[in-house]
Amino acid sequence: LTLDAAWTVGWIRRSAEVLAAERAALNTLDRDIGDGDHGENMDRGFQAVLSKLNDLVDESTPGAVLKLVATTLISTVGGAAGPLYGTAFLKAAGAVGSARCLDAAALVALLTAARDGIVLRGKAEEGDKTMIDAWTPAVNAAAAAQAAGSAVDEVLLIAADAAASGAQATEPLIARKGRASYLGERAIGHRDPGAQSTSLLLRAAADVGRA
Amino acid sequence: LTLDAAWTVGWIRRSAEVLAAERAALNTLDRDIGDGDHGENMDRGFQAVLSKLNDLVDESTPGAVLKLVATTLISTVGGAAGPLYGTAFLKAAGAVGSARCLDAAALVALLTAARDGIVLRGKAEEGDKTMIDAWTPAVNAAAAAQAAGSAVDEVLLIAADAAASGAQATEPLIARKGRASYLGERAIGHRDPGAQSTSLLLRAAADVGRA
Amino acid sequence: MKKLINDPKNVVIEAVAGFEAAHGDIVRVSHDPIFIARSDAPVHGKVGIVSGGGSGHEPLHGGFVGYGMLDAAVPGAVFTSPTPDPILAATQVVDGGAGVLHLVKNYTGDVLNFETAADLASAEGIEVRAVIINDDVAVKDSLYTAGRRGVAGTVLVEKITGAAAERGDDLAAVVAVAEKVNSRVRTMGVALTPCVVPHAGEPSFVLADDEIEIGIGIHGEPGRERIKLEPADAIVDRLLAPILDDLPFVAGDAVLLFVNGMGGTPQVELYIVFRRAAEVLAEKGITVTRSLVGNYTTSLEMAGTSISVLKLDEELTSLWDAPVQTAALRWGR
Amino acid sequence: MKKLINDPKNVVIEAVAGFEAAHGDIVRVSHDPIFIARSDAPVHGKVGIVSGGGSGHEPLHGGFVGYGMLDAAVPGAVFTSPTPDPILAATQVVDGGAGVLHLVKNYTGDVLNFETAADLASAEGIEVRAVIINDDVAVKDSLYTAGRRGVAGTVLVEKITGAAAERGDDLAAVVAVAEKVNSRVRTMGVALTPCVVPHAGEPSFVLADDEIEIGIGIHGEPGRERIKLEPADAIVDRLLAPILDDLPFVAGDAVLLFVNGMGGTPQVELYIVFRRAAEVLAEKGITVTRSLVGNYTTSLEMAGTSISVLKLDEELTSLWDAPVQTAALRWGR
Ligand SMILES: Nc1ncnc2c1ncn2[C@@H]1O[C@H](COP(=O)(O)OP(=O)(O)O)[C@@H](O)[C@H]1O
Ligand SMILES: Nc1ncnc2c1ncn2[C@@H]1O[C@H](COP(=O)(O)OP(=O)(O)O)[C@@H](O)[C@H]1O
Ligand SMILES: [Mg+2]
Ligand SMILES: [Mg+2]
Ligand SMILES: [Mg+2]
Ligand SMILES: [Mg+2]
């Protein structure tokens, strides 16, 4: 498996597919503890990304793809998710520079930079019941796997699994950031929609990696 | 049976009772082909009349009672029914003058004047699907019975029966006056609420007459 | 039925008290009998203008009392015309010696109660004239029926007639302006959901989840026809066609386009309606030179809209533009 | 879900087009990216004021663009904050050389997107400041949460800050006025029924036939507690108590009392609410010297209300009274 520009494009295409399919489910999660638009926002953003992808020149790099994703999400998603995911992809692009191909270390750097970008903008900590609760376990698990010598496809799988558990683990939490924080105890029992979309994005990366 | 002031008061009290009991039913009839307030309007008016009745001096006449009913209805009912019933009672009061007791001829004069008052104000003809469709058969039947020598209690009963048939006979009609006239064919199959309240008023008169 | 009310019997009394508390700078309120008058009534030498009708259509009419519009408004019970007593009292209070005009929406109850009040006022030496407003094209007009209903066009009649009175026109001239506006405005409405009268507690009619009522009246009276929900543009086209045919409005006309909310419709929807209506008028060569969008003649919480088109000329335009200072309509001061 | 819309995707685009068609005398509209600006923007030497946020709260913010209030409003998708692009474009268009103030309701999305736009504008040499509005007492404030939400008090901040800019205050002074208003206004709301976001097609939450949500947010976010329906007066008391305790408001204060409709509540109900709120304030020795009643910060067709109380002083009162000419708020010209 080679994490080149084509893989990056494949990841994003697959993400757009999954987000379109999960649009209503994400809206429902957001309706329970937010304002019901998270699926709508993500779908709108990734559909816009899809139509931008065609403009990419052939000899593009993963970094260039990620940058295009970032600017498109920033200018089409809106809401909290727009600037947060936008910053994530922007920082990720910065982290991978102009490399044509990403090894496991570069992949971990990408994920770490993405997570750090979100924290920089949103100031959430782990346990605040936000997308960070999916990102941070994913970053930690990926870093550990890479340190232990795993190949990129394994790192991707491990990150996706950790994000999925992280998303699920938001359910019993009280929120301290985002709209769900207005709810106090009433947020308990509901999964954070942003953590869920993060889990979907990282699963898409792993799935494309395996294909 | 003597149609004196006490009888007149009894008729009105009984009417108030019946209209309170039939309030919701009249609202429903009016909701079907009007604006749903006819029961409300009539009940409000007759409750106001009830509290005014106590102010009557002992040696009152039927005409004085009818005049009090008229002015109270005019100033409390509103809508179409207020001025129409108000005028009816006002003209009825005029027709019976200062008589202490009404014979069958006076009763017919009362009913005729009431009906004519409504026509004067509302300009409805028979068949327009209004309260006139209860009043006119009642007036005609009463006049015929009185001409044939019936006693007042019989005249009352005959008038009430005719009003009831008249109210029922509004059901197949298209309306040409009042709110139901906006409906065209869609008014067919619904009884006119004002015709129904007229029928209730005349039935109350007959019932009190018999008691 | 969920409503922000106390005892349903006190809805009008309490709402009017709240109105007085909020707008004491513009109006004063009589509580028994209930009516709302300009704080500076009577204005000496000016024709007084009184309107009124059942409550539940707010801001109509109380929201339009003030400089340049109504001198008094008489609210009846919800959807029930007021009785003659408060109409008479309001007429007396606003009589500045130049006569009083009653602006009456064409419903049997309103017409009869205003008639009685006018008779009583005349008997006291006040010169009273009435103009009956009947702008609703949903209802077929005929000598043999109660005729067309008065609906949202009423707001335009009240504004423009009020401006004529404010500039000092005498009673005959003010009547002429009111009749002119009424003769040049046409309206048609649609309901998406019914409304619930507080004392009734039940919807005034029932619509299925995919049904709308074309030609609805402002008291929830059924309209012309019940159809399946359509896109906004198609609904606007249905409302506008009979309006334009009726006067008729023709290429070259300058009009005021008024998109009225029935109470429960969000503003975004009203502007979507306005957009299409303006587009259709432009296609026909009719120019929208003035506009009004908002909840001005409502039916409690009913969802829906009505479109009114008024054919303007120089006089009507300048009277429309004249200063007005009421709770619900204000400009120029 | 019955709505007067065409394709749900085009709700904002078409509504803004309708707004432009109706109010071309006051505003001009940019369609790509979407924002609404004063027709005379930029006003040379005046601080520009830009606000914005998700659509569905109309007339907030577009209805408040014009002389004496906002220079531009940036509408996002329904209930979704706008992206930085249109905010940046609006900021550029209204910059008259004296800097630009962003008035931002306190939601993570709005704050972040306005922040990004401000960074980009600063990079172009435009001086930008932001004031975050957070008047909602329903939410506990804490350093460790997203903090209180910006709700209907926003209208008061926009009006008064706009007047300060219009009279020629410099950017620092305009910022100070905005912060002063925000620090002195408190709001709390209640929902009787939910709203339906067009693209979602389902209610934002579900309330039983006898339930209401105390402390509701303006996007249908659940509030403080769900209780059984009560008489209006009892509900008003529940909303007012935490508002008055919070600042706190005390005897001798002069206040602006603002009863806001959430979109689907009839005006009679808003005035019933106003009546009780004014009564409670009077009992506490607090004087209502200015008032506002109506649908100004809505949540689509949600039924409900919010009460805002703003502690006035001479400066705020005279800025409130200063002329304003927007689609939704107008006086003095
Ligand atoms: N401060 C924050 N830090 C990290 N993530 C956040 C923060 N605030 C909100 N989020 C994430 O954003 C998600 C909501 O996104 P979305 O619904 O698109 O935006 P909005 O809340 O503006 O409607 C939440 O589920 C949460 O995961
Ligand atoms: N022109 C008229 N002549 C006679 N009766 C009429 C006329 N118009 C209406 N009515 C009667 O009034 C009744 C409605 O009364 P009500 O509901 O109280 O008044 P509103 O129509 O003003 O709500 C109708 O059912 C009809 O019988
Ligand atoms: Mg959301
Ligand atoms: Mg009726
Ligand atoms: Mg009625
Ligand atoms: Mg949102």
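Atoms considered below: every heavy atom in the structure, side chains included; atoms not considered: hydrogens, waters and symmetry mates. First the proteins, then the strands, lettered A, B, ... as listed; each starts at 1.
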note = Correct closest heavy-atom pair for B:Gly79 and C:Ser81 would be N-OG, 3.1 Å
inquiry  = Under a 3.5 Å cutoff, is there a donor and acceptor pairing between the side chains of B:Arg44 and C:Thr80?
reply    = no
query = Within 45 degrees of the axis of the six-membered ring of C:Phe205 and under 6.0 Å from its centre: does B:Arg31 put its NZ or CZ there?
reply = no
key: Whether over 12 other heavy atoms sit under 6.0 Å from B:Glu171 CD   = yes
SB check B:Arg186 C:Glu213 (cutoff 4.0 Å) = yes
ask   = Could you walk me through whether B:Glu40 and C:Val197 pass the side chain to side chain contact (heavy atoms under 4.5 Å, CB included) check?
value = CA-CA 11 Å; B:Glu40 199 65 25; C:Val197 175; over 6 Å; no
query = Is it the side chain or the backbone of C:Ala77 that comes within 4.5 Å of chain B heavy atoms, both, or neither?
reply = side chain
NZ (B:Lys91) with more than 12 external heavy atoms under 6.0 Å = no
ask   = How many angstroms lie between CD in C:Glu202 and OG1 in B:Thr28, if you round to the nearest 0.5 Å?
value = 6.0 Å
key: B:Arg121 (side chain) donor-acceptor with C:Leu112 (main chain) under 3.5 angstrom   = yes
task = Working to the nearest 0.5 Å, report the span between CD of C:Glu221 and CG of B:Asp30.
result = 9.5 Å
key: Nearest atoms (heavy-atom pairs only) where B:Ser75 meets C:Asp85   = CB-OD2, 2.8 Å
ask   = With a cut-off of 6.0 Å (strictly less than), are more than 12 heavy atoms of other residues, nucleotides or ligands near CG of C:Asp209?
value = no
request  = Using non-hydrogen atoms and a 4.5 Å limit, figure out which bit of C:Pro84 sits close to chain B: side chain, backbone, both or neither.
outcome  = both
key: Per-residue contact mode, C:Pro86 against chain B (heavy atom under 4.5 angstrom)   = neither
key: Value rounded to 0.5 Å, distance of NE2 in C:His219 from OH in B:Tyr182   = 8.5 Å
key: Proximity breakdown for B:Ile74 and chain C, heavy-atom pairs closer than 4.5 Å   = both
ask   = What heavy-atom pair brings C:Thr83 and B:Gly78 nearest, and what distance separates the two atoms?
value = CG2-N, 3.3 Å
query = How far does CD1 of C:Ile218 sit from CG of B:Asp35, to the nearest 0.5 angstrom?
reply = 10.5 Å
Residue C:Asn113 versus chain B: region with a heavy atom under 4.5 Å = both
